[in-house]
Number of protein chains: 2
Amino acid sequence: MAGVRQFDEGLALDKALALFWQKGYAATSMQELAAATGVQRGSLYNAYGDKETLFLRVFDLYRERFVGQMREALDKPRLRDALRGFFGCVIASMTTSMASGMPTRGCLSTKTAVGTEDLEGPLRAALKALLDDIEQVLFERLSREGEQAPLALPPRQAARLIVTFTRGLVVVERVYQDEKRLRATADNLIAVLLGPQ
Amino acid sequence: MAGVRQFDEGLALDKALALFWQKGYAATSMQELAAATGVQRGSLYNAYGDKETLFLRVFDLYRERFVGQMREALDKPRLRDALRGFFGCVIASMTTSMASGMPTRGCLSTKTAVGTEDLEGPLRAALKALLDDIEQVLFERLSREGEQAPLALPPRQAARLIVTFTRGLVVVERVYQDEKRLRATADNLIAVLLGPQ
DNA sequence: GTCAAGATTGACGAAGGTGTCAATCATCGG
DNA sequence: CCGATGATTGACACCTTCGTCAATCTTGAC
């Protein structure tokens with residue numbers, strides 16, 4: 001076939017992800033996406049149709065990577081360490097800025113969930129999918145056999161509590177911009193779930 | 001003095017609050033504010049200078065009312081009931097829609113915190129003030145003397161955990177739109193903080 | 001080498017945003 | 001009743017946005 005894509009799609013989606021992550025779905029314009037990816041606006045429209053479709057494509061990338069990282073972080077023998085790793089990962093994912101001096105990038109899914117006027121259709125479905133995935137990854141680790149640490153809640157409920165809590169961390173990060181505070185609060189959640197020490 | 005304000009400021013700020021709450025700070029335009037309040041755009045600029053200043057005025061209203069409600073909800077003899085009332089109040093504040101069929105309005109402070117590109121200056125300070133207030137109200141109730149229920153964390157840390165968690169509830173509400181789920185998750189947090197039953 | 005499928009390009013229209021300003025109007029003090 | 005103070009009004013300038021489209025260029029297939 002002739003008429004082949006001129007730009008490197010993988011690269012472009014990576015750049016788009018970085019920008020969406022930094023600015024959020026609603027606040028990112030196609031102009032900026034064009035500038036960031038090096039692909040002309042018209043080409044983006046031709047390739048993806050519209051902003052939402054492009055975003056969904058990018059968001060899938062994000063979900064895969066994010067959930068993968070969470071799964072890895074949770075894969076430790078002692079549950080307490082696993083949860084510490086998990087929260088460390090969540091916190092790092094939003095506070096790690098690409099260059100020093102830049103504002104932290106926060107959380108793409110939360111920005112999208114809260115910053116979109118009426119969240120419906122594919123966008124909401126994609127967010128649900130992400131939160132469901134994180135819940136599932138947590139659930140699997142929490143219900144792993146041969147665990148000695150006693151959990152204060154049934155695994156499913158604990159997983160949901162943790163997912164909800166991580167969304168809260170994101171908001172607190174925006175407002176206080178204090179990583180230590182985030183870590184301390186996360187440690188406290190671990191403490192009430194698994195007991196002190 | 002002559003040249004007196006023609007519109008009822010209290011009424012206008014109420015309407016503005018409703019709109020900001022529904023749409024979030026960034027997504028609300030002065031046009032819409034003019035339409036909602038019945039005050040011409042030019043008059044709003046004349047009276048408040050710009051959108052941010054108007055918002056800060058409105059946000060103060062919001063903070064007072066919101067924190068007041070939380071304080072009331074927490075004023076119950078048994079701590080467990082107080083926290084149940086608190087979460088009920090938080091959940092109601094975002095899921096109660098003004099008219100049936102309308103989308104829920106969510107949480108103004110969270111929308112502002114997450115939906116604003118780089119959160120700095122007065123806006124961030126206002127958000128901090130709100131979260132600090134809620135934390136303080138919780139702290140006071142949690143450290144009330146003569147409390148029999150044993151708290152799994154020191155009051156300050158418990159208060160921060162709860163504040164962070166409530167921010168998470170907001171995000172989960174946006175995505176799942178399931179009030180029952182919110183209540184269940186909140187009950188689980190109470191359970192791990194105060195023990196089951 | 002030729003050709004056509006389809007990607008790219010840059011300009012375009014329409015819509016909506018913010019903030020400004022001169023002209024007009026309403027109101028209170030005297 | 002008059003005048004001045006300041007609110008109101010609607011048009012204005014300027015910017016950014018989205019999505020489209022005809023013209024142009026690239027490239028693989030034959």
Side-chain angles (χ1 to χ4, degrees), chain A residues 1-59 111-112 115-123, chain B residues 1-59 111-112 115-123:
Chain A
M1 71 202 82
V4 103
R5 186 142 298 159
Q6 311 284 282
F7 63 90
D8 180 333
E9 187 164 25
L11 247 151
L13 291 181
D14 269 347
K15 302 264 191 181
L17 171 55
L19 192 64
F20 272 130
W21 200 332
Q22 185 72 41
K23 313 198 45 141
Y25 169 68
T28 305
S29 71
M30 291 297 275
Q31 256 113 335
E32 294 168 308
L33 285 165
T37 57
V39 179
Q40 296 267 7
R41 230 155 49 81
S43 286
L44 291 177
Y45 277 109
N46 173 263
Y48 302 101
D50 61 7
K51 190 172 138 182
E52 180 172 313
T53 307
L54 170 57
F55 178 77
L56 289 171
R57 195 83 156 246
V58 167
F59 193 78
K111 280 178 178 172
T112 306
T116 309
E117 304 223 18
D118 24 50
L119 193 58
E120 275 310 327
L123 233 74
Chain B
M1 72 202 79
V4 103
R5 186 142 299 158
Q6 309 286 280
F7 63 90
D8 179 333
E9 188 164 24
L11 247 151
L13 291 182
D14 269 346
K15 302 263 190 181
L17 171 55
L19 192 64
F20 273 130
W21 199 332
Q22 185 73 39
K23 314 199 40 141
Y25 169 68
T28 304
S29 71
M30 292 298 275
Q31 257 114 335
E32 294 168 309
L33 286 166
T37 57
V39 179
Q40 296 267 9
R41 232 155 49 80
S43 287
L44 290 177
Y45 277 108
N46 173 264
Y48 302 102
D50 60 7
K51 190 172 138 181
E52 181 172 312
T53 308
L54 169 57
F55 177 79
L56 290 171
R57 195 83 155 245
V58 167
F59 193 78
K111 281 178 179 173
T112 306
T116 309
E117 304 223 16
D118 23 53
L119 193 58
E120 276 309 327
L123 233 74

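Nothing here was measured: the structure is a model prediction, and the numbers come from that model. Just so it is clear: chains get the letters A, B, ... in the order the sequence lines come, proteins before strands, and each one is counted from 1.
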Rounding to an integer number of Å, can you tell me how far [X] [atom1] sits from [N] [atom2]?
X       : N      : atom1 : atom2 : result
A:Asp8  : D:dT26 : CG    : P     : 19 Å
A:Leu44 : C:dT9  : CG    : C1'   : 12 Å
A:Tyr48 : C:dA7  : OH    : P     : 11 Å
B:Asn46 : C:dA26 : CG    : C1'   : 14 Å
A:Phe7  : C:dT9  : CZ    : C1'   : 14 Å
B:Gln40 : C:dA26 : CD    : C1'   : 15 Å
A:Arg5  : D:dT27 : CZ    : P     : 14 Å
B:Leu54 : C:dT18 : CG    : P     : 11 Å

Output a table of nitrogen or oxygen pairs between the protein and nucleotides 17-24 of chain D separated by less than 3.5 Å.
residue: D:dT17; atom: OP1; partner: A:Ser29; partner atom: OG; Å: 3.2
residue: D:dT17; atom: OP2; partner: A:Gln31; partner atom: OE1; Å: 3.4
residue: D:dC18; atom: OP1; partner: A:Met30; partner atom: N; Å: 3.2
residue: D:dC18; atom: OP2; partner: A:Met30; partner atom: N; Å: 3.1
residue: D:dC18; atom: OP2; partner: A:Gln31; partner atom: OE1; Å: 3.4
residue: D:dG19; atom: OP2; partner: A:Tyr45; partner atom: OH; Å: 3.3
residue: D:dG19; atom: N7; partner: A:Arg41; partner atom: NH1; Å: 3.1
residue: D:dG19; atom: O6; partner: A:Arg41; partner atom: NH2; Å: 2.4

Would you please name every residue forming a side-chain contact (heavy atoms from CB on, under 4.5 Å) with [X], sequence neighbours left out?
X       : result
B:Asp50 : B:Glu52, B:Thr53
A:Glu32 : A:Leu19, A:Lys23, A:Thr28, A:Ser29
B:Ala35 : none

### Query
Among pairs that include at least one residue of residues 25-46 of chain A, which meet ring-ring contact (aromatic ring centres under 6.0 Å, His included), considering only residues two or more places apart or in two chains?
A:Tyr25-A:Phe55
### Query
For A:Glu9, what residues pass the side-chain hydrogen bond (donor to acceptor under 3.5 Å, both in side chains) criterion, not counting sequence neighbours?
A:Tyr48, A:Arg57
### Query
Is it true that a side-chain atom of B:Lys111 and a backbone atom of B:Trp21 form a donor plus acceptor pair closer than 3.5 Å?
yes
